[in-house]
Amino acid sequence: MTFPARIRSLLAFVLATVTLLGAISQAFAIEPIKIARDDVALDLSRAVEIYRNQGENFQVSTAPGSDGIVRRIEVEANDKRSTGDWAVFALANTTDQQLDRLIVAPHFRLVNSGIFWPDMGSTRIAAITPSEGFALDRQTSPDADVFRVTLNPGTVVTFVAELASPKLPQVYLWEPEAYKDTVNSYTLYRGIVIGIAGLLALFLTILFVVKGTSMFPATAALAWAVLAYICVDFGFLNKIIEISPGNEQMWRAGTEVALAATFVVFLFAYLNLNRWHGHFSYGAVLWILGLLLIAGVAIIDPAVAAGIARLSFAATALTGLGLIVVLGLRGYDRAIMLIPSWVMVLIWMVGSWMAITGMLDNDIAQPALGGGLILIILLIGFTVMQHAFAGGALHQGLFSDLERQALAVSGSGDTVWDWDVLRDRVVTRPDISLELGLAPNSLGGAARNWLPVLHSDDRDTFRTTLDVVLEHRRGKIAQNFRLRGADGHYHWFALRARPVIGSDGEVIRCVGTMVDVTEQKKSEERLLHDAVHDNLTGLPNRELFMNRLEAIISIARTEEKVRPTVFVVDIDRFKQVNDGLGISAGDTILLTVARRLHRLLKPKDSLSRFAGDQFALMLLSEQDPARIASIAEAVKHAISAPITFAKREIVLTASIGLITWTSEQVSAEDLVKDAELAMHQAKRFGGDRIEPFRPAFRTIGTDRLQFESDLRRAIERKEFTLAYQPIIRLEDNSVAGFEALLRWDHPRRGMIPPADFIPVAENCGLIVQLGLFAMQKAADDLAAWQKQIGDAPLSVSVNLSSRQLIRRDLVSDVRSVIARSNLKARCLRLELTESLVMDNPEQTAHVLTKLKQLGIGLSLDDFGTGYSSLAYLTRFPFDTIKIDKSFLDDTSPKRTVLIRSMINMAHELGLSVVAEGIRDQSDGLELRQMGCEYVQSFSFGAPMAGDAALKLLKEQYPLTPA
């Protein structure tokens with residue numbers, strides 16, 4: 001069958017027309033933006049095509065798909081906020097993976113917002129419809145329109161956005177985690193800025209209350225206006241009060257008007273313009289009234305009000321510049337002192353103009369300008385404070401008696417530092433050269449003579465500081481630097497000096513004092529080091545190791561070549577070594593193990609001592625699994641190599657758990673926990689083995705997790721109680737006090753010994769809560785007993801854990817316990833072991849001194865079983881030592897001599913003595929003859945409930961107060 005010639009020609013024409021239309025459609029189709037896997041944030045603003053006044057139905061050609069075909073789609077507006085304007089853009093996933101991204105359109109953007117009728121922000125996008133799939137889901141965000149989009153591999157998707165406002169200032173395509181991190185970082189910055197602004201406004205308000213002149217309320221009002229502007233600009237006001245949608249523009253315009261009005265008020269009040277001419281007052285009043293009227297306009301048309309406020313602010317800044325120049329030339333000190341602040345105002349105004357006109361176009365311009373406002377208020381606040389604290393009596397006290405100042409400097413022992421600038425001659429009295437062991441007056445003469453002796457890191461700062469003082473002819477020198485002594489060691493000095501200005505306005509001298517702060521610096525460095533390092537081995541502790549690992553993991557998320565491997569190494573049966581050879585021998589062995597492990601590391605790797613006989617190793621130098629396995633074997637062999645100690649060979653074994661980081665691990669804590677699970681599994685298999693982590697290990701620890709969960713709920717369920725063991729006074733066998741012992745009555749497992757749940761509480765962080773419970777309960781019980789038996793000389797002792805000791809809030813916790821229980825401070829005692837005290841002696845001494853100042857008692861428990869260092873008995877404010885029962889159980893002939901020596905030593909130091917664990921009355925009689933005051937043991941009284949303890953006290957104190 002053949003077609004007639006006419007029909008064939010018609011078909012050919014139609015086909016050609018369709019082909020031509022397809023080509024034209026493809027030529028005018030939107031160009032897609034290609035998305036790569038590593039793209040974190042893409043600015044789509046310039047790639048978005050805007051279609052105005054298209055009505056509720058909109059048709060548009062899509063971008064060419066992966067097959068090169070351009071299609072037409074029709075979108076119907078479904079949101080009542082749609083304006084009839086539409087935005088179109090296309091995204092192409094060029095990777096072979098599915099990509100999740102966020103389309104973000106901020107509600108308000110200061111950049112390019114305009115001057116006269118500025119864009120005050122609003123909802124930008126009502127909805128987004130893709131060319132394939134369903135409409136995008138809106139993510140919750142108070143500051144932006146956020147839509148989540150998923151792009152399949154190799155697809156090209158065209159998106160049609162229903163606009164909720166005529167303007168679309170910015171559209172970004174974010175990787176979700178990167179957007180979250182950016183929002184969090186901006187939130188932190190905004191919180192800091194708002195906090196500073198609030199404190200500054202509050203401080204200036206207090207200053208206004210103290211000093212009632214007009215300058216101070218005007219400054220305080222300006223500070224509060226800046227705080228309000230910052231709160232609105234940073235979106236913080238929504239957290240305080242509920243702002244309905246659409247009213248953000250009114251609030252933003254209102255704060256800009258308030259800022260402009262208070263700026264005028266401050267300028268008028270600070271310069272005291274009414275003293276120069278009455279017209280200034282009329283002009284200022286009219287100006288402020290006009291701005292107040294504009295504040296009413298902000299309710300009707302926020303854009304007009306904001307535009308006028310911005311013009312008013314700029315006019316105030318320029319007017320202020322003119323006034324400062326004119327009044328400064330007349331010698332008006334207030335105008336001269338305001339120059340630095342006004343320079344900052346002009347710089348900020350230029351930056352704001354560049355931002356709102358679009359000349360400065362980046363995302364940090366808006367928060368930076370907010371921070372700039374805070375700097376301006378800080379400068380203005382400092383300027384105002386100079387007036388607030390200036391006065392005749394103060395001025396006279398500072399500058400009237402030079403002789404008294406000289407005597408004060410001489411009495412303080414500081415070194416006087418005097419630099420004669422004109423002759424370039426430095427003199428120190430007394431001569432600092434002698435303190436450094438150098439030749440006399442070797443640091444005299446020109447200031448450059450100090451440079452060779454200064455530490456290389458301090459030379460530039462020292463030289464620059466002196467140059468700046470000479471150049472600006474004001475300021476002060478406040479610098480810490482190091483000077484090298486004759487022995488090659490460096491000494492820290494703090495230099496504080498001020499310039500002396502001559503009649504020609506130039507600096508003629510710089511005079512001040514130098515103080516040797518070497519010991520202070522060493523103490524600071526030692527405290528910083530001890531806070532994050534192990535005292536025995538000097539290795540990083542768990543906190544520092546976790547911090548470093550967290551930093552490495554954050555790098556590993558973006559760098560494919562960084563894949564840390566964590567080893568957790570636990571020495572098998574190390575407790576037997578401590579029991580058999582002693583703690584000092586165990587410490588020596590741990591040092592040997594630490595040195596052996598450290599020799600296996602490369603510069604990139606890190607070794608840490610977690611606790612006791614447990615070490616952790618972070619391996620970065622090796623990525624190959626075979627090499628990692630060989631290093632694990634090397635670690636195992638290094639520990640198992642024989643150690644010679646006291647003519648004995650000691651062979652150790654270790655259980656090693658290891659895991660290599662993958663993207664599944666969220667944090668360093670998760671990574672280390674998995675490595676510890678692997679290590680515990682190696683121990684379950686008998687130890688002396690290497691166990692890589694497997695997910696199945698997590699189920700093995702379910703019982704422990706259940707135990708921790710029960711422990712967390714036990715406090716809420718009031719399953720913990722206290723048992724009280726009497727402390728007996730040997731003189732008359734009366735009760736002198738009690739030691740409070742924690743007990744856990746589990747509803748299913750029954751009574752659980754403290755040895756089982758205390759270590760778990762230490763590991764999971766509940767020991768602080770348990771310790772606080774024990775202190776409060778013991779104090780409450782003793783206070784209640786004393787109400788029934790009278791104010792008897794009793795005390796209650798509570799054991800202190802390591803986590804409680806390192807907490808900064810310990811002193812305030814103890815103070816609160818005493819206050820809540822209405823107990824006399826001397827009736828509460830805290831007990832610490834020797835090993836706990838010596839874990840961090842510097843911090844321990846500081847905390848115990850603070851506790852002793854409260855008036856409570858401090859007991860050193862298990863004396864003689866730990867470090868047995870007599871030096872710390874004089875360093876720490878203990879008033880009681882408790883001799884461990886192991887000395888009383890000793891059957892050797894030297895037992896009596898040793899116990900008597902400890903008692904006599906304690907008495908010589910002004911300490912009382914409690915003997916623990918005595919077996920019978922004969923031991924008590926012997927201890928009494930030696931001078932021991934107190935005993936505590938089962939033979940004199942087992943731990944008992946609170947009711948039994950009260951009954952015992954009533955028998956001893958039968959008279960009950962009326």
Side-chain angles (χ1 to χ4, degrees), residues 10-37 39 41-105 123-138 145-174:
L10 182 59
L11 290 174
F13 174 75
V14 171
L15 181 61
T17 302
V18 171
T19 304
L20 179 60
L21 289 175
I24 293 173
S25 175
Q26 185 169 356
F28 288 99
I30 190 170
E31 184 70 22
I33 299 174
K34 297 180 180 179
I35 310 300
R37 178 185 177 186
D39 291 336
L42 294 177
D43 190 354
L44 307 179
S45 304
R46 297 183 180 179
V48 175
E49 296 184 3
I50 306 295
Y51 296 86
R52 304 288 184 188
N53 302 321
Q54 298 297 313
E56 296 184 356
N57 293 310
F58 177 60
Q59 292 186 357
V60 69
S61 297
T62 66
S66 56
D67 54 2
I69 298 176
V70 176
R71 298 172 174 82
R72 295 282 292 179
I73 62 172
E74 181 177 356
V75 180
E76 181 179 352
N78 295 321
D79 198 299
K80 63 180 180 180
R81 295 174 294 179
S82 298
T83 61
D85 298 333
W86 302 79
V88 181
F89 58 94
L91 303 177
N93 183 359
T94 60
T95 67
D96 57 355
Q97 297 181 358
Q98 188 181 68
L99 298 179
D100 288 332
R101 291 293 186 268
L102 295 178
I103 299 173
V104 180
T123 302
R124 303 297 181 179
I125 299 177
I128 298 179
T129 303
S131 59
E132 56 183 66
F134 298 98
L136 305 187
D137 292 332
R138 180 187 293 271
D145 297 320
V146 183
F147 297 87
R148 190 177 187 93
V149 58
T150 300
L151 299 174
N152 292 323
T155 59
V156 179
V157 182
T158 301
F159 297 91
V160 180
E162 305 174 28
L163 297 185
S165 67
K167 294 183 179 180
L168 186 62
Q170 186 185 60
V171 180
Y172 257 100
L173 186 69
W174 281 92

Practice task
Considering non-hydrogen atoms only, spot the tightest contact between A47 and F89 and give its length.
Solution key: O-CB, 4.1 Å

Problem - Closest heavy-atom pair and its distance - L99, R37 - result: CD2-CA, 4.3 Å

Problem - Minimum heavy-atom distance R138-F147, with the two atoms named - result: NH2-CZ, 3.4 Å

Exercise for the section: Please round to the nearest 0.5 Å and tell me the distance separating atom OG1 of T129 and atom CD1 of I73. Expected result: 7.5 Å

Handout entry: CZ on R101 to CG on L136, rounded to 0.5 Å
Key = 14.5 Å

Problem - Heavy atoms from other residues, nucleotides or ligands near CD of Q98 exceed 12 (cutoff 6.0 Å) - result: yes

Problem - Contact check, side chains of T95 and L151, non-hydrogen atoms, under 4.5 Å - result: no

Problem - Over all atoms of both residues, closest heavy-atom pair of V104 and W174 - result: CG2-CD1, 3.7 Å

Practice task
Spell out, as yes or no, whether a donor-acceptor pair under 3.5 Å connects the side chain of T158 to the backbone of T62.
Solution key: no

Practice task
Would you indicate whether R52, at its atom CZ, is surrounded by more than 12 heavy atoms from other residues, nucleotides or ligands within a distance under 6.0 Å?
Solution key: yes

Exercise for the section: Ignoring hydrogens and angles, tell me if any N or O in the side chain of S61 forms a donor-acceptor pair with the backbone of R72 under 3.5 Å. Expected result: no

Exercise for the section: Can you measure from CG (L168) to CG (D85) and round to the nearest 0.5 angstrom? Expected result: 10.5 Å

Practice task
Look at the rings of F58 and Y51 and say which category their plane angle falls in: under 30° parallel, 30 to 60° tilted, over 60° perpendicular.
Solution key: tilted

